[in-house]
Amino acid sequence: MTVEKVLEFSDVVIVYDNFPAVAGATFSVNAGEIVLLQGANGAGKTTLLRACAGLLPIARGSANVLGCDLRLDRLAVRSRVGLLGHANGLFQDLTVLENMLFWSRLVGATRNDVDQAMDAMGLSGRLSETQVAKLSAGQRRRCALASLIVRRAQLWLLDEPHAGLDAQGRDELDRTLRAARDAGATVIFASHEIERASALATRSLVVASGTVKPA
Amino acid sequence: MTVEKVLEFSDVVIVYDNFPAVAGATFSVNAGEIVLLQGANGAGKTTLLRACAGLLPIARGSANVLGCDLRLDRLAVRSRVGLLGHANGLFQDLTVLENMLFWSRLVGATRNDVDQAMDAMGLSGRLSETQVAKLSAGQRRRCALASLIVRRAQLWLLDEPHAGLDAQGRDELDRTLRAARDAGATVIFASHEIERASALATRSLVVASGTVKPA
Amino acid sequence: MKKTVKKTGRSRVASAVFIKDLRIEARSRVVTNQVLPFAGLIMVMFAFALDNDDVLQRVAGGLIWLATIFSLFIIVQRSFAIDTSDSALDSLRVAGIDLSAVFLGKSIALSLQLIALDVVLIAAAFLLYQVQVSVIGLVLLVTCVICATTGLGFVGTLYGGLTAGTNGRETLLPLLLLPVVAPVLIAATRATEAAFGSGGAAISEGWAWVGLLAIFAAVFGVGGSLAFGPLIDE
Amino acid sequence: MKKTVKKTGRSRVASAVFIKDLRIEARSRVVTNQVLPFAGLIMVMFAFALDNDDVLQRVAGGLIWLATIFSLFIIVQRSFAIDTSDSALDSLRVAGIDLSAVFLGKSIALSLQLIALDVVLIAAAFLLYQVQVSVIGLVLLVTCVICATTGLGFVGTLYGGLTAGTNGRETLLPLLLLPVVAPVLIAATRATEAAFGSGGAAISEGWAWVGLLAIFAAVFGVGGSLAFGPLIDE
Amino acid sequence: MLSQSAPKFSSTGTQATRIVGVLTIVVMTWVVISGLVFTPADVVQGESVRIMYVHVPSAWIAYLAFIVTAIASAFYIFAKRHSLGFDRVAGASAEVGVMFMVITLVTGSLWGRLTWGEFWQWDPRLTTTAFLLVTYIGYLAVRRLDGSIEQRARRSAVIALLAVLEIPLVHFSVVFWRSLHQRATILDPNGDVKMDGLMLFTLFSGVVGFTLVFVWLILHRQRTMLLSDLANQSGLDAAILARQNESVSN
Ligand code: HEM
Ligand SMILES: Nc1ncnc2c1ncn2[C@@H]1O[C@H](COP(=O)(O)OP(=O)(O)OP(=O)(O)O)[C@@H](O)[C@H]1O
Ligand SMILES: Nc1ncnc2c1ncn2[C@@H]1O[C@H](COP(=O)(O)OP(=O)(O)OP(=O)(O)O)[C@@H](O)[C@H]1O
Ligand SMILES: [Mg+2]
Ligand SMILES: [Mg+2]
């Protein structure tokens, strides 16, 4: 099997009203990799990840994700990627279980998938009936991860996934990402905890001032 | 000089509508310590820190912070502690500098203090004129830290202060906390990055299911 | 990795969104406990401000719909505040699901809440303003309420989505919505007056206005389904 | 550690808060670009819904104040949305600063915005409703506007703080505020009518109503300064 | 997307705008002279009827501007290649339309003062006109929302397509409701025009003149928008370089 490119960015520029947060990024990711994006605060990691998910317009350059050209159609890629941003994307008034069931209905996952994901993230039992607004910060992050797991995306994009998780949660997360990779998915994640993240990643990229270099 | 107790909790219970997030915590902190609270997600670290700042009512037990009895008067302690929670507490429409000047006016800090704090957190230059809403997650965290620095509190309470900061920011934070301790302040912080946090802390406490034990 | 997750139909997405919105309402009881008294207060306050029995009877229909429209502003705003507070709308966008289904689900949930509200307001009008209605008038009234609230649900969801997550949405939303819903206000008022027979209006006149409401609902239903996706998707 | 930071005065805190609120408004221009057209529309829409010349002229004063009050809801909501979006209000609480100073700063900023709004609305009323005013009437009018907006600023800030950060505040705020501001609505309306001389009201009558407005402002000014801190401080 | 080359022109004037400009001056001069001097005063309304030569054309040109906005928006949305040129025309046209709508309201209320004795009446035509104006103020507010250029274009296009539906409402409001305002005298469905020939000619000259003003303004405004977009674009090159050279620790 020849190596398949999951993502290919070349000279990509992304602007927020006139400020080029990403200023000419060129890199590519192969299927089955776990890629770490590291870099200083404000380097452009979040911007890159959101762009990969088709959320931001590409001002210049060419960007190709899972075979879709982002400059032509940012929507096509959406149903095949999963994004965990800085925010969790949960409904505060619903319970953990209700949130999970909502997302699972949208993506067509089964109840079994939901139970497994919640188990993995330690959310079964009392917590599953708790409203998200009444969870601790780390528990909310776990819930967001669980709802990402049921999506079974082909490309996982995670923005500082370890932040807020306790030791056991971190281990579980690493296990989950490795399992997803083994099942054929590709993972790109940003992190500031270099040691832990490097151990997980198969390759590191450094984002600096809106450009991407190998570590 | 005899050892001065900055904080003394004994059998403290804190409830969120019927759920005892802290269920009988007993511990004390001496002046000049840097205490790490570690523990699983949902253990009660955030709850404890917010209670120390006088933000939450104590349901049972006795709690004494900086000589103020929290059960009698939660307000007295406020002007002498500084809290960095999970949220940043910034005004999104104002620029970094405007936010800093606002807080400095409130606490009576000088312009010089402000400049120093912003310098320390790498927020001078272009960023100082940027609206907080247009910062990256880590830059916002830096701004929150800078506004905490100008407060010169006697007791610093920090909830996962390292999360979101880049390597250089973490070093700067550690330096700042050590400097505050050397100037006579006391620091209590929660963290999930055990190695880094243990290196900084002079003592560790483990929070588990709403109780506190020595590490 | 094989694509194991099957694509979900539009109706499934719409119903998931619909249930989610109503469940949040059932839990927080914001419409029943807060919007409803607010709308009631508006009606009482006008009655008070106008302070004149004849006028009051004549404008009863208008007051019901004014109260409905002001309630619409706050319900729409709350509905989208729930979705944007933790970037859940972003997650919906990334999930690549059919946003026109989201539009339908949200609109229908919104309309249902408005209908519940109007039932109470109309009952209040019977009590407060001593209006009477015949059986045939009642049929007109019910049709009018359904058409008007459907239209309001569509237009509210569309503009709510447009302003969701933008700076200053609290104020932009009423500004944009007010002129657009003005025709609904007028048509629904006239139809309601015809149903009540206030000022000697004939029932038959009312049906023409209901037709207008139906057209309004259809235009915004179709327009909204088409436009909602592109709007939310910056 | 020696306490190096000196305690700051109440007026300093109040002015910092005041400047912050007005600066955010100056930057986002929400009041001028969005609330103002909204208020104007309310005036037009009510006039249209009432659709009766006599009534209209008689209630012209009332419409100005109705529009003001609906604008109050949205300005207050926005003002506190800014403070709670990132828990900035929590930070204020922890900073241990005098919350009654925060109350004063916010109230005055709010009143100023309302005054600006009312100046435009009254100018519109001169155009739209053909009202006339004598010099002495103008003095009455100005005093009325100042007293009424001060009172509204106080009460709006107090209730805004009370609902800030609670679930469903979008809907709770109007519900709580509406009955409380009803007296302002009535008194300001009567005073304005007296100033306009509508319905043959005498200027002297107006001053009695302005007195009531002043009392209202004083009560909520004092009450708010005392209650705001404990309220915000759960 | 914008072309990445430098702007090809340094002012917003071209041969076409200059021709339109000269024509405008000629026609408008004729309208002013004829409207004020040549045409007779009305039997009923007296001299005040001369306001009509401004009031009616400005109302119609405002309609025209809003319709142009809608058409340009439709092109933006439905064309395969979402061309920002259409968006700029839409925005420029809406701005000019708002200006004409304000002129309509101002001249209308002045006229009302002369004929009805009051500046404003609660009349369907007047009210719906006010609503139309506010709708387009809202449209302009949406154009100023933060976000990318494409986002701005898409949002405002949707509003424009919905807002244009209000125009029939304004136009037919005199039919729907008992109204004080003049019924359609000129665009009467029955086609019988009851107006003096010269008056009618002057009125239509006014329409032509205002149309020219409209075209002239649009051409310039649309170009200034293009220029500012291009300025942003060329600023981008410098900004990208500056960004790449930012020190890592900022
Ligand atoms: C503020 C007050 C007024 C406003 C907002 C207003 C608005 C308008 C508008 C929007 C139109 C275009 C209607 C269409 O063709 O769809 C129009 C046309 C016209 N207006 Fe006014 N108007 C006002 C006052 C008046 C007054 C006082 C008079 C004369 C007594 C007047 C006489 C006319 C005439 C003769 C037309 C042309 C009607 C036609 O043939 O369609 N307007 N006005
Ligand atoms: N507002 C609330 N209402 C009810 N229960 C709450 C609320 N906030 C937190 N809890 C519960 O209290 C417990 C302690 O929460 P807390 O936020 O203190 O945990 P934590 O130690 O800070 O966890 P983390 O590491 O995830 O931040 C959790 O089990 C949580 O479910
Ligand atoms: N909405 C926005 N508008 C304007 N500029 C923005 C916006 N969001 C981010 N930026 C700027 O873009 C740059 C990159 O931001 P980004 O969030 O991608 O950084 P990051 O690498 O994720 O940083 P962090 O480690 O702090 O999360 C930053 O300099 C920031 O100031
Ligand atoms: Mg980031
Ligand atoms: Mg916590």
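All chains are named by letter (A, B, ...) in the order of the sequence lines, taking the proteins before the strands, and each is independently numbered beginning at 1. Owing to the predicted nature of the structure, the values given are computational and were not obtained by experimental measurement.
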Which bit of [X] comes within less than 4.5 Å of chain A, counting heavy atoms only: side chain, backbone, both or neither?
| X | result |
| --- | --- |
| B:K134 | side chain |
| B:R126 | side chain |
| B:R170 | side chain |
| B:L135 | neither |

Report task. Please check if atom CZ in B:R203 has more than 12 non-hydrogen atoms from other residues, nucleotides or ligands closer than 6.0 Å. Result ->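 Yes, enclosed.
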Query - Heavy-atom proximity to chain B below 4.5 Å, by part of A:Q139 - result: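 Backbone plus side chain of A:Q139, per the 4.5 Å heavy-atom cut-off to chain B.
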Query raised in the report: Side chain, backbone, both or neither: which part of A:R196 has a heavy atom under 4.5 Å from chain B?
Result: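 Contact with chain B involves no heavy atom of A:R196 at all.
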Query - Under 3.5 Å: donor-acceptor pair, side chain of A:N41, backbone of B:D166 - result: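 Such a contact is found between A:N41 side chain and B:D166 backbone.
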**Report entry** Interface residue of largest heavy-atom contact number with chain A, from B:T46, B:T47, B:L165, under 4.5 Å
**Finding:**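 The answer is B:L165.
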Query raised in the report: Picking from B:G164, B:A40, B:A137, which has the most non-hydrogen pairs under 4.5 angstrom with chain A?
Result: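 The option with the most such pairs is B:G164.
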Query raised in the report: Do you know which of A:G138, A:G39, A:A190 has the most heavy-atom pairs under 4.5 Å to chain B?
Result: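 Sorted descending by pairs with chain B, the first entry is A:G138.
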**Report entry** For chain B, the option from A:A43, A:G44, A:S191, A:S136 that forms the most heavy-atom pairs under 4.5 Å
**Finding:**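 The candidate making the most pairs under 4.5 Å is A:S136.
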Query - Residues of residues 17-28 of chain B near chain A, each having a heavy atom less than 4.5 Å away - result: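 If one takes a 4.5 Å heavy-atom cut-off, the residues of residues 17-28 of chain B near chain A are B:D17, B:F19.
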Requested in this report: Any chance you could measure A:H192, atom NE2, to B:E193, atom CD, to the nearest 0.5 Å?
Outcome: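 A:H192 atom NE2 to B:E193 atom CD measures 10.5 Å (nearest 0.5 Å).
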